[in-house]
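Please read all numbers here as calculations on a predicted model, not as lab measurements. We number each residue from 1, following the sequence as shown.
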Amino acid sequence: MKPRALSDSVDGGSPTPPSAARRHLALRLDDGWLRFQTRLAIRRGRVETVIPYTGYGTTSWVRVLARIVRSEPRDTGSGPQAGALKPLKDGMRGWRNFTSAPVAHAAVRVIIAGTVHDVEADRGGVVDARIPVALDAGWHTITIESGGSRIVEAPVQIIADDTDFGVVSDIDDTVMVTALPRPFLAAWNTFVLDEHARTPTPGMAVLYERIVRTVPSAPVVYLSTGAWNVAPTLSRFLSRNLYPAGPKLLTDWGPTPDRWFRSGQEHKRTSLERLAAEFPGIKWLLVGDDGQHDEAIYAEFAQRHPQNVRAIAIRQLSASEAVLAGGRSKSAAQPTPGIPWIYSPDGAGMSAQLEQLGIIRRSVRSSAVG
């Protein structure tokens, strides 16, 4: 979540260090942009709207994820989902998700199993709240509203207390392929294309289906450096290409106290650490690609938490994909004793190796291939 802006002075009026000056300038510029967006949205009659994301949790707590923005009101339709339809449709034209004004520090009501919980969005309108609950394992629906917004529904996956296996998957170059240079990838995918223009990685959807058919209780968590703004587009891509449903852990591109932009690598590291703390009994299959950083991040995590890693699966990029991705990882993965690594250019190759490791049963075949 985005931090609150810090005060202008440092050390009681002493000269502001260069790093602090950069921090303050970044946050001031961001605050100015948010104020401009908000004034313009209000002048155009935009109303508070909740964009729900998939949450997750255990039988005793749930992590609620959503974003509050100002969007055009709907004049037709009724029911709890009516207010959600327009921003989700707008998500097909990704640029709208970045020009919609977030509602900073919005007061949000979350209703879970008939109980109302009051939470607050961050300065970027993102809701990321852990709420105590008593729910059975499986999929549930909660409702969220903010201010005068319509009530919207959000799915949450409650993971059984005895679950001991799950999947953490990267998205770009792992489950989807975009033939563009990495510096332009985020902008192109976000502002220009919809999910129909993205290409699924061969065999990966079948691989994930085989995994969840082998271990039905296994959660599949999609971990990406993408911004929350593109979550609706990613959800549609995963759904229409038959990937298992699961929560997506995305990030915010806004400034931090010491950076103009957030670190995608740090987002992945902190997300993995959080999963290890939240689910100490789960061993994760970590799936990524060999472009840049996944190998190093997964190896570091496996060294710190060997009890939480079942195996690491790395998709090997083709020569052209590696060039567009900015090259392959330049350093070999650090040793992870007792934790197997597998490498393959596609899901079929990974599937065969995971069979050998016993993660997928040989008798389990995807329904798509018989």
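Judged by distance alone, with hydrogens and angles left aside, the side-chain atoms of Asp290 form no donor-acceptor pair with the main-chain N or O of Glu295 at under 3.5 Å. Distance alone, capped at 3.5 Å, is enough to place a donor-acceptor pair between the Asp122 side chain and the Val126 backbone. A side-chain donor-acceptor contact under 3.5 Å links Arg315 to the backbone of Pro345. For the pair Arg210 (side chain) and Ile360 (backbone), a donor-acceptor distance under 3.5 Å is absent. In terms of modelled atom types and a separation under 3.5 Å, the side chain of Asn241 and the main chain of Phe237 share a donor-acceptor contact.
Between the side chains of Thr251 and Trp228, not a single donor N or O lies within less than 3.5 Å of an accepting N or O. For Tyr56 and Glu278, the side-chain atoms include at least one donor-acceptor pair closer than 3.5 Å. Looking at Ser146 and Glu48, their side chains do bring a donor and an acceptor atom within 3.5 Å of each other. Between the side chains of Ser235 and Lys248, a donor-acceptor pair is found at a separation under 3.5 Å.
Taking the side chain as every heavy atom from C-beta outward, Leu357 and Ile342 approach each other to under 4.5 Å.
Note on Ile297: it clusters hydrophobically with Tyr343, by side-chain heavy-atom contacts below 4.5 Å among ILVMFWY residues.
Atom CD1 of residue Ile171 and atom OG1 of residue Thr201 lie 11.0 Å apart, to the nearest 0.5 angstrom. To the nearest 0.5 Å, atoms NE2 (His140) and CD1 (Ile112) are separated by 10.5 Å. Residue His267 holds its NE2 atom at 12.5 Å from CZ of Arg269, rounded to the nearest 0.5 Å.
Among residues at least two apart or in separate chains, there is no salt bridge (Lys or Arg N to Asp or Glu O under 4.0 Å) pair with a member in residues 130-141.
For Asp128 and Arg63, the salt-bridge test passes: some basic side-chain N is under 4.0 Å from an acidic carboxylate O. The pair Lys268-Asp170 meets the salt-bridge criterion, since a charged nitrogen lies less than 4.0 angstrom from a carboxylate oxygen. Between Glu273 and Arg304, at least one side-chain N (NZ, or NE/NH1/NH2) sits under 4.0 Å from a carboxylate O, which counts as a salt bridge.
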Donor-acceptor pairs under 3.5 Å, side chain of residues 156-165 to any protein atom, not counting sequence neighbours: which ones?
from	atom 1	to	atom 2	distance (Å)
Asp161	OD1	Thr59	OG1	3.0
Asp161	OD2	Thr59	OG1	2.9
Thr163	OG1	Ala160	O	3.0

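Here the shortest heavy-atom pairing between Arg310 and Pro340 reads O-CD, 3.4 Å. Taking all atoms of both residues into account, the shortest heavy-atom contact from Tyr208 to Val220 is CD2-CG1, 4.4 Å.
A side chain to side chain contact (heavy atoms under 4.5 Å, CB included) with Ile142 is found for exactly one of Ile111, Val64, Val133, namely Val64. Screening Thr214, Leu354, Val215 for a side chain to side chain contact (heavy atoms under 4.5 Å, CB included) involving Arg361 leaves a single residue, Thr214.
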Exercise. For Trp284 and Val168, run side-chain contact (heavy atoms from CB on, under 4.5 Å): C-alpha distance rounded to whole Å, both residues' side-chain angles, the deciding distance at 0.1 Å, then the answer.
Key: CA-CA 6 Å; Trp284 298 97; Val168 173; 3.5 Å; yes

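Scored by the ring-ring contact (aromatic ring centres under 6.0 Å, His included) test, Tyr298 finds no partners at all (sequence neighbours excluded).
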